[in-house]
Protein chains: 2
Amino acid sequence: MSQAETAAAAPRRGRPGYDRDQVLAVAVKVFNEHGYDATSVADLTAALGLTKSALYHHFESKAAILEVALNDALDGLERVVDDAVAQHPLAADRLRSIVRGAVHVLTAKLPSVTLLLRVRGNGEVELAALRRRRAFDQRVTAIVAEAQREGLIRGDVDAAVATRLIFGMINSVVEWYRPGGPVDPDELGEDILRATLDGLQSR
Amino acid sequence: MSQAETAAAAPRRGRPGYDRDQVLAVAVKVFNEHGYDATSVADLTAALGLTKSALYHHFESKAAILEVALNDALDGLERVVDDAVAQHPLAADRLRSIVRGAVHVLTAKLPSVTLLLRVRGNGEVELAALRRRRAFDQRVTAIVAEAQREGLIRGDVDAAVATRLIFGMINSVVEWYRPGGPVDPDELGEDILRATLDGLQSR
DNA sequence: GTCTATATTAGGATAGAC
DNA sequence: GTCTATCCTAATATAGAC
């Protein structure tokens, strides 16, 4: 994924001449437009301007493309929690750091995170991703519960429900946020922090 | 959908003997478990204990099943806005009514609304549903903007962003809410109203 | 890194009997 | 309302040449 952006800087004569990361970026884009299951390998090759054989030269299967993208997204999200835990002793600070970090990863790695959030558990690749995602959710829920004991989060809402509502709001961003659009990703992180903690009501 | 619950009250001898609503309920459940596109007609008939021909006796195509379910969900959501507009002159009251009503429809019609929220726009049936959903979103955004002018919603967050964040939180409920579980749907509506308007922070 | 050609299976849907 | 048998297309994937 990291090489995808610099792809245009190394053009070929005539044929596209994709490398693995470029193929990945296009494939993930098409997956998100039609859904992974509704996307055929023919759809991918049409978007790439390649034949199936050329695509299978880069990835051994359609599922292998999905696997790389999902792991990229999960790596990014797990790193946010790792960093928050390493940097902040207070759960309240960890939570604020996680909200900001999750919004940052989500906007920076929008395609792969979007794909991750739509996984239903079909096949081994998706099941493995769901397992990692559940572990992530549990770590965050534990931090929210601790932040609640510390007094940051109100006690009249269940910690698991609060976590789900906060991340429900964060994750919904993939449905409408577009890089280069009118919404700044860092401001969005602050908006979501304000919306979930302070509330959207005027005071 | 309404007849599905009373199905067990009219059993047949030997074979299941499904009617249209019962087939619909099972099909929507399977669609949600694997995703619409990943669900084959064979998956549906396996869940029903029927052959393909029997299924095609009730619905003319796989897409026709989807269409009925999506319209059911959209009817429910549109009715919430219609009722809110009819009952409340103030946009602030309309918004509160819509949040409560949307959570209610979402929990009461969980299977069909879940399906609706995952539609990507493949084929005419999904495109038609997306058009209706966009119209719904626009009506709600206009009400949020008006509520902001009335002073209910803070002015430092864009109305369109606020709408998306609020409904992002509401819609995320389909990912974890289960009827008969520990979370009461009416309480959940109040929690979301509190979370989005008052904020989750202790005071 | 890409091509043409093809193997193989699964998918949606129908015909016609009971 | 359901069955068996079948059609036809589209899907994933591979072989082997350039």
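Order of the sequence lines fixes the chain letters, A, B, ..., with proteins taken first and strands second; residue numbering starts at 1 for each chain. Every value quoted in this text rests on a predicted model; they were computed, and no experiment measured them.
Looking at the side chain of A:H58, the nearest of the listed nucleotides C:dT2, C:dG11, D:dG1 is C:dT2. Closest to the side chain of A:S40, from the set C:dG12, D:dT12, D:dC3, is D:dT12.
Within the structure, the ring-ring contact (aromatic ring centres under 6.0 Å, His included) test picks out no pair touching residues 39-68 of chain B (sequence neighbours left out).
Between the side chains of A:S112 and A:D72, at least one donor-acceptor pair of N or O atoms lies under 3.5 Å.
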Under 3.5 Å, sequence neighbours excluded: what are the donor-acceptor pairs made by side chains of residues 84-105 of chain B?
| residue | atom | partner | partner atom | Å |
| --- | --- | --- | --- | --- |
| B:R94 | NE | B:H88 | O | 2.5 |
| B:R94 | NH2 | B:V85 | O | 3.3 |
| B:R94 | NH2 | B:H88 | O | 3.3 |
| B:R100 | NE | B:E190 | OE2 | 2.7 |
| B:R100 | NH2 | B:E190 | OE1 | 3.4 |

Quick one: side chains of residues 168-176 of chain A, donor-acceptor pairs under 3.5 Å with protein atoms, not counting sequence neighbours, listed by atom name and distance.
| residue | atom | partner | partner atom | Å |
| --- | --- | --- | --- | --- |
| A:N171 | ND2 | A:F167 | O | 3.2 |
| A:S172 | OG | A:M169 | O | 2.7 |

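In this structure, CG of A:N122 is placed 14 Å from P of D:dT12, rounded to the nearest angstrom. What separates CZ of A:R20 from P of C:dT2 is a distance of 14 Å, to the nearest Å. As a whole-Å value, the separation of B:I65 CD1 from C:dA13 P is 9 Å. The separation between B:Q22 atom CD and D:dT2 atom P is 9 Å, rounded to whole Å. Taking atom CG of B:L50 as the reference point, atom C1' of C:dA13 lies 16 Å away to the nearest angstrom. A:E60 places its CD atom 8 Å from the P atom of D:dT14, with the value rounded to the nearest Å. The interatomic distance linking A:L55 (CG) with D:dT14 (C1') rounds to 13 Å, in whole Å. Rounded to a whole Å, the NZ atom of A:K62 is 8 Å from the P atom of D:dA13.
Taking only side-chain nitrogens and oxygens, A:Y56 comes nearer than 4.0 Å to OP1 or OP2 of D:dA13. At C:dG1, one or more side-chain N or O atoms of A:H57 fall inside 4.0 Å of OP1 or OP2 (strictly under the cut-off).
A:R131 and A:E124 are joined by a salt bridge, as a carboxylate oxygen and a charged side-chain nitrogen come within less than 4.0 angstrom of each other.
Applying the side chain to side chain donor-acceptor pair (under 3.5 Å) criterion to A:E78, with sequence neighbours excluded, gives A:R132.
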Identify the pairs formed between an N or O of the protein and an N or O of nucleotides 4-8 of chain D at a distance under 3.5 Å, and give each distance.
| residue | atom | partner | partner atom | Å |
| --- | --- | --- | --- | --- |
| D:dT4 | O4 | B:S53 | OG | 2.3 |

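Looking only at distances, a side-chain donor or acceptor of B:R154 sits under 3.5 Å from a matching main-chain atom of A:G199.
End-to-end axis angle for the helix from C:dG1-D:dC18 to C:dC18-D:dG1, using five pairs per end and rounding to 10°, comes out at 10°.
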